[in-house]
Amino acid sequence: MVSPTSDLPPDIHGRCHCGNLSYHLHWPATTTLNLRIYGCDYCSRHGALWISHPAAPIILTVADYGCVLPYRFGTQSADFLICRRCGILTLARCAHADGERAVINANTFENLSPAQCGRAATDFNDEHLAERLARRLRNWSPLTTVLA
């Protein structure tokens with residue numbers, strides 16, 4: 001596993017397979033990186049491993065927004081961004097009054113192997129919408145989107 005001070009890159013880079021969606025995630029140096037495995041059917045089918053931190057801003061660059069499929073399900077409170085070209089689920093984002101928040105699918109990391117990170121199973125199926133939005137505001141990363 002990655003130690004918080006020596007093995008973890010300060011900036012994690014990733015992208016979908018074709019590069020239409022790419023990101024930089026600036027991870028806090030003293031924080032270990034544990035990937036969350038959500039128990040929902042959608043995330044399970046994608047094999048998604050999610051990571052975020054409220055002090056870890058994400059800069060998402062989109063080369064062609066016309067090739068992005070924002071998929072919503074369940075509470076309709078988050079967009080799961082899938083590249084229409086290559087089919088890769090890259091991140092999920094949620095709008096809040098203070099700006100967008102997001103979680104990254106660690107399977108899209110380029111300079112860090114998800115195998116080096118810890119894992120934690122989570123299940124939010126019984127959460128009410130207000131609880132879900134409050135949790136995302138507390139735990140998800142601030143998101144800035146740049147159109148290339």
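Everything numeric here is computed off the predicted structure, so don't read it as measured data.
Residues S77 and R72 have side chains that never bring a donor and an acceptor to within less than 3.5 angstrom of each other. Between the side chains of D11 and H26, at least one donor N or O sits under 3.5 Å from an acceptor N or O. Side-chain atoms of T108 and Y23 include a donor-acceptor pair closer than 3.5 Å.
Residues Y65 and L147 share a closest heavy-atom pair of CD1-CD2, 4.1 Å. Closest non-hydrogen pair, L81 versus L21, comes out as O-CD1, 4.2 Å. The shortest heavy-atom contact between C86 and C18 is SG-N, 3.6 Å. Considering all non-hydrogen atoms of both residues, V146 and I59 come closest at CG2-CG2, 4.0 Å. Between N107 and A48, the shortest heavy-atom distance links the atoms ND2-CA, 4.0 Å. Of all the heavy atoms in D126 and E131, the pair that sits closest is O-OE1, 4.4 Å.
Here the CD1 atom belonging to I88 is positioned 10.0 Å from the CD1 atom belonging to I82, to the nearest 0.5 angstrom. Rounding to the nearest 0.5 Å gives a distance of 11.0 Å between SG of C83 and CG of L89. Atom CH2 in W140 sits 15.5 Å away from atom NE2 in H53 (nearest 0.5 Å). Once rounded to the nearest 0.5 Å, the distance linking CG of N20 with OG1 of T90 reads 8.5 Å. Taking NE2 of H96 as the start and CG of L133 as the end, the distance is 5.5 Å to the nearest 0.5 Å.
Within 6.0 Å of atom NE2 in H17, 12 or fewer heavy atoms from other residues, nucleotides or ligands are found, so the atom counts as exposed in its surroundings.
Using a 4.5 Å heavy-atom cutoff, the side chains of W50 and C43 are in contact. In this structure the side chain of H24 never reaches within 4.5 angstrom of the side chain of I12, judged on heavy atoms. Looking only at side-chain heavy atoms (C-beta outward), V62 and V68 come within less than 4.5 Å of each other. Within the 4.5 Å cutoff, no side-chain heavy atoms of P142 are placed close to those of I58. Side-chain atoms of P57 and T144, non-hydrogen and from C-beta on, never get closer than 4.5 Å to each other. When side chains are defined from C-beta on, L60 counts as touching L91, because their heavy atoms get closer than 4.5 Å.
Cluster annotation: Y38 is not connected to L137 through the hydrophobic network of ILVMFWY side chains, with a link wherever side-chain heavy atoms come within less than 4.5 Å. Note on L33 and I37: same hydrophobic cluster, where clusters join Ile, Leu, Val, Met, Phe, Trp and Tyr whose side-chain heavy atoms are under 4.5 Å apart, directly or indirectly.
The pair D64-R84 does not count as a salt bridge, with every side-chain nitrogen at least 4.0 angstrom from each carboxylate oxygen.
Looking at residues two or more places apart in sequence or on another chain, you find a side-chain hydrogen bond (donor to acceptor under 3.5 Å, both in side chains) between D41 and R45. For S52, the side-chain hydrogen bond (donor to acceptor under 3.5 Å, both in side chains) partners two or more places apart in sequence, or in a different chain, are R36. For the ring-ring contact (aromatic ring centres under 6.0 Å, His included) test, residues two or more places apart in sequence or in another chain that qualify with Y42 are H46, Y71, F73, F80.
At least one donor-acceptor pair closer than 3.5 Å links the side chain of S141 to the backbone N or O of A56. R101 places no side-chain N or O within donor-acceptor distance of the main-chain N or O of R136, the cut-off being under 3.5 Å. Without hydrogens or angle criteria, R119 side chain to C117 main chain gives a donor-acceptor distance under 3.5 Å.
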